[in-house]
Amino acid sequence: MQYVIVLKYGEIVLKGLNRSRFEQMLLKRVRLSLKRLPGSYDIRSAQSTIVIHGDENADMLLAAERMKKVFGIVSVCVGYECEKDMDSIRALVREKARELVAGAKTFKCVAKRSDKDFPYISPQICELCGAEVLSAVRGIKVDVESPEAVVTVEIRDRAAFIHGRGAKGAGGMPTGTNGRALLLLSGGIDSPVAGHMVAKRGVYISALYFESPPYTGEAAKEKVASLAKVIASYTGTVTLYTVSVTEIQSEIAEKCEERMFTLILRRFMMRLAQETARRAECTALITGESLGQVASQTMEAIVCTDALAQMPVFRPCIGLDKEEIIQIARRIGTFDISSLPYEDCCTVFTPRHPKLDPTVEELEAEEAKLDIRGLTERAMQTLSFIRVHGDERLNG
Ligand code: ATP
Ligand code: MG
């Protein structure tokens with residue numbers, strides 16, 4: 001008897017001819033996620049399942065925690081392996097029954113028989129193993145319709161696995177199957193959620209933070225790095241770029257109409273983000289904008305910033321309410337970090353009465369008072385980056 005981790009993959013199974021490429025990417029992500037854990041791991045895939053064995057130094061429970069953050073996996077089960085004969089299987093089910101049902105009052109048995117030569121058919125396996133559970137766990141009942149617990153017996157090529165219902169995986173597509181995008185990452189709640197939503201579809205993430213020293217400090221920057229670390233714990237390393245917009249903001253404050261400050265800054269962000277994306281080999285941008293949430297996110301305002309876009313700008317939070325965004329932030333582990341107090345460059349020169357219905361022409365007229373090219377070039381000279389790694393030991 002030995003611990004084993006059984007992972008099921010999701011959408012990849014639908015990928016037809018591309019499937020083996022997706023499977024290889026997923027195996028690579030699984031391997032990378034386990035690389036820095038104690039012990040060594042044997043990782044194999046067959047029949048839409050990845051099975052992980054560990055040596056005597058392996059920490060299988062920690063490994064299972066890590067697996068919950070690998071995109072492409074829909075369920076993570078820690079179970080047990082035994083020899084493929086009915087007596088061993090029944091003995092193991094009996095021994096582990098209480099743990100497998102984890103306090104549930106009802107259960108059902110499911111048998112998966114990928115070895116069709118196994119002398120018992122699925123209903124027989126279920127009946128025999130179900131009887132073991134019933135005798136080992138006092139008061140538990142069978143409920144095939146909506147059981148609280150499920151005890152699964154998998155008869156595979158070389159061994160049998162027994163596991164409970166397991167935990168939900170991160171879903172989505174394996175990281176690296178869908179290009180690279182640049183996330184405009186502030187210290188707020190929305191942008192990390194936006195980054196996670198796009199990352200989930202297999203996209204590598206690089207991030208860009210606009211700072212405004214001395215108005216924004218080191219603490220704000222560290223906060224953004226902590227958010228990047230949470231994203232990296234799902235996708236692997238994230239390169240976090242920083243660009244200073246201090247000079248741009250001072251010039252806007254000095255020369256432009258106050259009501260337009262934020263929008264002019266946001267258009268500069270768009271120019272700078274695209275230039276950074278080109279250098280970072282990203283082919284799309286991601287922002288945390290949500291329609292109507294603040295003055296710079298009205299339809300008219302988004303039209304004005306988008307008018308400068310020369311690459312796709314993904315705004316996955318666009319249709320979400322704040323409450324829905326917060327729910328995701330809590331689930332992925334960014335909410336507490338985002339809730340720390342901080343100053344953002346957008347709040348440095350906030351107009352008291354921002355213009356809600358700007359037009360591109362009005363903004364261009366204001367921007368004509370500025371040396372757009374010089375300001376953009378000098379801001380790009382402040383570009384720096386750090387590499388942020390996900391922490392394999394933590395859940396966040
Ligand atoms: P968030 O919660 O993500 O900060 P927000 O509701 O505060 O969003 P805005 O301040 O209008 O909204 O910003 C909209 C989007 O612009 C952000 O989601 C983010 O993608 C980008 N952005 C804003 N400020 C910055 C910044 N300092 N650095 C990088 N990106 C930024
Ligand atoms: Mg913000």
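Whatever order the structure lists ligands and atoms in, that order sets their numbers, starting from 1.
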Against heavy atoms of [X], which atoms of ligand 1 measure under 4.0 Å?
X    : value
G188 : 1 (P), 2 (O), 4 (O)
M269 : 24 (N), 25 (C)
L208 : 29 (C)

### Query
More than 12 foreign heavy atoms under 6.0 Å from CZ of R98: is that the case here?
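Count not over threshold, so no.
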
### Task
Quick one: look at L185 and ligand 1, take heavy-atom pairs under 4.0 Å, and tell me if it's side chain, backbone, both or neither.
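Near ligand 1, L185 shows its backbone, while the atoms from C-beta on stay back.
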
### Task
For the residue pair Q249 and S212, confirm or rule out a side-chain donor-acceptor distance under 3.5 Å.
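Yes - a donor-acceptor pair under 3.5 Å links their side chains.
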
### Query
In terms of side-chain heavy atoms, does R387 have a donor or acceptor partner in T239 at a distance below 3.5 Å?
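Judged by distance alone, the side chains do pair up.
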
[X] to ligand 1: N or O pair under 3.5 Å?
X    : value
T287 : no
F210 : yes
I286 : no
S191 : yes
G288 : yes
P192 : no

### Query
How are the rings of H196 and Y234 set to each other: parallel, tilted or perpendicular (split at 30° and 60°)?
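It falls in the perpendicular class, over 60°.
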
### Query
Does the side chain of L27 reach to within under 4.5 Å of the side chain of I50, using non-hydrogen atoms?
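Side-chain contact under 4.5 Å: yes.
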
### Query
Heavy atom of E211 under 4.0 Å from ligand 1?
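No.
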
### Message
I want to confirm something. Looking only at heavy atoms, which of E289, Q297, K322, R266 is nearest to atom 23 (C) of ligand 1?
### Response
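Shortest heavy-atom distance from atom 23 (C) of ligand 1: R266.
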
### Task
Would you check if the distance from the ring center of Y80 to the ring center of F161 is below 6.0 Å?
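Ring centroids of Y80 and F161 are no less than 6.0 Å from each other.
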
### Message
Could you walk me through whether R373 and E377 satisfy the salt bridge (charged side-chain N to carboxylate O under 4.0 Å, His left out) test, starting with their C-alpha distance in whole Å, then the side-chain angles of each, then the deciding distance to 0.1 Å, before giving a yes or no?
### Response
CA-CA 6 Å; R373 188 142 167 216; E377 278 173 13; 3.3 Å; yes

### Task
Taking the six-membered ring of F22 (Phe, Tyr or Trp), confirm whether the NZ or CZ of R19 is under 6.0 Å from its centre and within 45° of its axis.
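No.
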
